[in-house]
Every structure is written in C-alpha cells, then in structure tokens.
Peer 1: 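Below is the structure I would like to discuss, written out as structure tokens.
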Amino acid sequence: MSDTIHYNTCPACGSASIFFVLKAKDETVSHELFDIWQCNYCTLRFTQNVPDEQHIGKYYQSSDYISHSNTSKGLINKLYHSVRSITLQSKRNLIEQNSSKGSLLDIGAGTGAFASAMKKNGWNVTALEPDETARTNAKKDFNIELLPTENLFRLPSNTFNVITLWHVLEHVLELHTYLDTFYSLLADEGSLIIAVPNYTSYDAKKYAEKWAAYDVPRHLYHFSPQSMRMILNNHNFKLIQQKP
C-alpha cells in the first residue's frame with residue numbers, strides 16, 4: 001500500500017484538467033523535493049504525491065517549527081515573537097469589525113496565543129490543535145486548554161459566531177469534510193475567517209519554487225483568490241471580504 005497520495009483530479013473541484021507546475025524543496029525537515037501541480041479549471045495548486053495522514057507527522061517534527069514549539073530560537077522566530085502582539089491585535093480588530101462578541105472556534109490553534117488573547121478580551125473560545133506538543137505548550141505558556149482536532153466533529157451545530165483558520169486550511173487533508181462541518185457549526189449570520197498563502201502574490205512570483213509559503217509537504221494546497229472563491233461557493237459560503 002502506498003504511503004503517499006496521488007491526485008488524478010483536482011482535490012478542490014474534481015476537474016481532470018491538471019498539470020505539473022514546479023518542484024519545491026522541504027527546507028524545514030527532510031530537504032526532499034515535491035511536485036506542485038495546478039488545476040486548469042479552478043486554478044488551485046496542490047502538492048502531488050504528498051505523504052498520507054499516517055506518514056506526514058514526521059514532516060512537522062522540527063524544533064524550529066514555530067506554530068508547535070513557540071520557540072524564539074533564531075532570527076526569524078525572534079522577529080515572529082516581536083510582532084506577534086501586533087498581529088494578534090489586527091486579527092481581533094478584523095473579527096470585531098464584523099462580529100459582536102460571542103462564541104469563537106479557532107482551528108489549528110498552535111500554542112494558543114490567539115485563542116488566549118481572544119478569551120482575555122471577552123470571547124467564549126473553543127480552540128482545536130492536532131499536535132500534542134503544541135497543546136502542552138499552550139497550557140504551559142498561556143494556561144489555556146486546547147482540544148485535539150477530532151473534537152471538531154463532536155461540537156454542536158449552529159453554535160459559533162466566528163470560526164477562524166489562520167494559515168491552517170492549506171494543511172487540512174479532508175478539505176471538503178472540514179468546510180461542510182464549518183458551515184454546520186456556524187450560527188445564523190456567523191463568519192468564517194480564513195488566512196492562506198496566495199501563490200498569485202508578488203513575492204510568490206518573484207521567488208518561484210523558492211517561495212517560503214509553498215512549505216512542502218506540510219502545505220497540501222496552494223490557493224489563489226479564484227480557487228478560494230470557487231471552493232467557498234461550492235460549500236454554500238458567501239464571500240463578503242477579501243484582503244491581501
């Protein structure tokens with residue numbers, strides 16, 4: 001049995017019109033090369049022959065992986081920590097411009113910095129994180145309890161005013177199952193807020209296969225604005241706002 005996933009059709013829209021685009025290198029853990037393909041119809045790019053759910057875990061095992069370890073080791077991670085309070089405030093402002101305080105579900109909470117900040121500011125927060133180390137660090141660093149991600153499918157429907165995914169959707173193998181679940185979990189007039197890398201951006205074009213946000217094989221998908229609009233529309237969401 002293969003331990004990789006090969007797509008014969010687009011994982012987002014199902015089109016068979018897919019083609020090879022480039023090879024990108026895993027600079028974080030394995031230094032392996034991975035193929036990135038693109039859909040001719042919805043324009044989604046995706047990592048081809050990606051490790052399956054049982055084998056991808058080892059590609060996240062790095063002391064430098066900031067979303068799990070909360071490390072400040074190295075220049076990039078020091079810079080990350082120095083600007084995190086600013087980004088947390090900007091995320092909160094974005095949410096509260098569109099939603100009054102209520103229940104918030106954060107998917108892929110990492111070490112819990114965002115979930116903790118929103119909880120301190122009056123939100124009723126549920127936060128999910130698949131990595132056990134990250135959940136342990138969230139308890140240690142922020143005194144917040146994160147739940148394993150499988151709890152997503154046990155949550156009551158029509159519950160949350162806001163669901164957030166900050167650079168998480170590109171990691172989710174069961175893309176359609178998750179989006180359908182988000183739709184059922186949101187209360188009437190609830191908001192889904194998704195941040196993902198955009199491969200049509202200036203920096204992606206400038207750095208080509210060396211663009212850091214390809215981050216293979218951890219990033220399963222590489223979104224364009226067009227592909228994101230089509231995916232959300234196919235799952236009954238209405239796109240209200242798009243920001244670079």
Side-chain angles (χ1 to χ4, degrees), residues 11-13 42 44 53 67-68 84 87-131 134-135 138 142 144-198 213 218-225 227-244:
C13 72
C42 75
L44 179 84
E53 196 168 13
S67 69
H68 287 177
R84 184 164 64 183
T87 60
L88 290 175
Q89 183 63 50
S90 67
K91 289 175 181 178
R92 179 186 162 203
N93 289 344
L94 175 65
I95 291 167
E96 293 183 350
Q97 284 168 10
N98 297 284
S99 303
S100 55
K101 288 182 181 177
S103 294
L104 183 145
L105 173 63
D106 187 38
I107 309 291
T111 54
F114 169 73
S116 174
M118 296 303 286
K119 188 174 181 180
K120 287 177 181 175
N121 282 282
W123 285 81
N124 179 15
V125 176
T126 302
L128 308 182
E129 168 55 45
D131 186 77
R135 296 197 302 270
F142 298 105
I144 188 168
E145 296 281 353
L146 307 183
L147 301 174
T149 305
E150 55 264 28
N151 283 268
L152 175 69
F153 305 105
R154 302 173 193 149
L155 297 172
S157 299
N158 201 38
T159 298
F160 296 98
N161 303 103
V162 178
I163 298 176
T164 53
L165 297 92
W166 306 112
H167 291 275
V168 169
L169 196 64
E170 62 268 31
H171 297 265
V172 173
L173 183 61
E174 299 295 336
L175 182 65
H176 301 290
T177 301
Y178 270 61
L179 287 169
D180 285 339
T181 302
F182 298 153
Y183 190 85
S184 71
L185 291 176
L186 281 171
D188 294 342
E189 306 302 319
S191 298
L192 175 66
I193 298 178
I194 300 172
V196 291
N198 171 16
R218 290 160 294 277
H219 288 189
L220 309 179
Y221 320 107
H222 315 283
F223 295 96
S224 63
S227 65
M228 183 58 74
R229 285 193 298 270
M230 292 181 71
I231 291 165
L232 293 173
N233 184 63
N234 288 341
H235 289 273
N236 299 310
F237 288 99
K238 179 182 178 182
L239 184 63
I240 302 299
Q241 196 175 147
Q242 179 179 299
K243 290 177 173 289

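Nothing here was measured: the structure is a model prediction, and the numbers come from that model.
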Peer 1: Would you name the heavy atoms of N98 and Q241 that are closest together and state the gap between them?
Peer 2: OD1-NE2, 3.7 Å
Peer 1: Quick one: are Q242 and R229 in side-chain contact, heavy atoms under 4.5 Å?
Peer 2: yes
Peer 1: Do L128 and L147 have side-chain heavy atoms sitting under 4.5 Å apart?
Peer 2: yes
Peer 1: How close do I231 and F223 get, counting heavy atoms only, and between which atoms?
Peer 2: CD1-CE2, 3.7 Å
Peer 1: Should W166 and I193 count as side-chain neighbours, where that means a heavy-atom distance under 4.5 Å?
Peer 2: yes
Peer 1: If you look at every heavy atom in P197 and A213, which pair is closest and at what distance?
Peer 2: CB-CB, 3.6 Å
Peer 1: More than 12 non-hydrogen atoms from neighbouring residues, nucleotides or ligands closer than 6.0 Å to CD on Q89, yes or no?
Peer 2: yes
Peer 1: Look only at the side chain of S90 and the backbone of L88, and say whether a donor-acceptor pair between them is shorter than 3.5 Å.
Peer 2: no
Peer 1: For K120, I'd like to know if atom NZ has over 12 heavy atoms of other residues, nucleotides or ligands within 6.0 Å.
Peer 2: no
Peer 1: Quick one: NZ on K238 to CG on N236, what's the gap to the nearest 0.5 Å?
Peer 2: 13.5 Å
Peer 1: Evaluate whether atom CD of E150 has more than 12 neighbouring non-hydrogen atoms of other residues, nucleotides or ligands under 6.0 angstrom away.
Peer 2: yes
Peer 1: If you take all heavy atoms of A134 and G110, which pair is closest and at what distance?
Peer 2: CB-O, 3.3 Å
Peer 1: Checking H176 now: which residues fulfil ring-ring contact (aromatic ring centres under 6.0 Å, His included) with it, not counting sequence neighbours?
Peer 2: H235
Peer 1: Got a sec, which residues hit ring-ring contact (aromatic ring centres under 6.0 Å, His included) with W123, two or more places apart in sequence or on another chain?
Peer 2: none
Peer 1: List the steps, then state whether side chain to side chain contact (heavy atoms under 4.5 Å, CB included) holds for K101 with E96.
Peer 2: CA-CA 7 Å; K101 288 182 181 177; E96 293 183 350; 3.3 Å; yes
Peer 1: Any heavy-atom pair between the side chains of N198 and P225 that's under 4.5 Å?
Peer 2: yes
Peer 1: Using the side-chain contact (heavy atoms from CB on, under 4.5 Å) definition, which of the options V125, N124, L105 pairs with F160?
Peer 2: L105
Peer 1: Can you check whether A113's main-chain N or O pairs, donor with acceptor, with S116's side chain at less than 3.5 Å?
Peer 2: no
Peer 1: Determine, stepwise, if the pair L185 / L152 fulfils side chain to side chain contact (heavy atoms under 4.5 Å, CB included).
Peer 2: CA-CA 9 Å; L185 291 176; L152 175 69; 3.6 Å; yes
Peer 1: Look up atom CZ in R135 and atom CD in E145, then write down how far apart they are to the nearest 0.5 Å.
Peer 2: 10.0 Å
Peer 1: How about D188 and N158: do any of their side-chain heavy atoms sit closer than 4.5 Å?
Peer 2: yes
Peer 1: How far does CG of L104 sit from OG of S99, to the nearest 0.5 angstrom?
Peer 2: 8.5 Å
Peer 1: State, to 0.1 Å, how close K243 and L94 come at their nearest heavy-atom pair, and which atoms those are.
Peer 2: CE-CD1, 3.5 Å
Peer 1: Sequence neighbours left out, what passes side chain to side chain contact (heavy atoms under 4.5 Å, CB included) with L165? Give chain and number order.
Peer 2: I107, I163, V168, L169, F182, L192, I194
Peer 1: Test side chain to side chain contact (heavy atoms under 4.5 Å, CB included) on V162 and M118; report intermediate values, then the result.
Peer 2: CA-CA 12 Å; V162 178; M118 296 303 286; over 6 Å; no
Peer 1: For the CD atom of E174 and the CG atom of D180, what is their distance to the nearest 0.5 Å?
Peer 2: 11.5 Å
Peer 1: Compare every heavy atom of N161 with every heavy atom of S103, then report the nearest pair and how far apart it is.
Peer 2: N-OD1, 2.7 Å
Peer 1: Would a distance-only check, ignoring hydrogens and angles, find a side-chain to backbone donor-acceptor pair under 3.5 Å from Y221 to L173?
Peer 2: yes
Peer 1: Determine whether C13 and L44 make a side-chain contact, defined as any pair of heavy atoms from C-beta on separated by less than 4.5 Å.
Peer 2: no
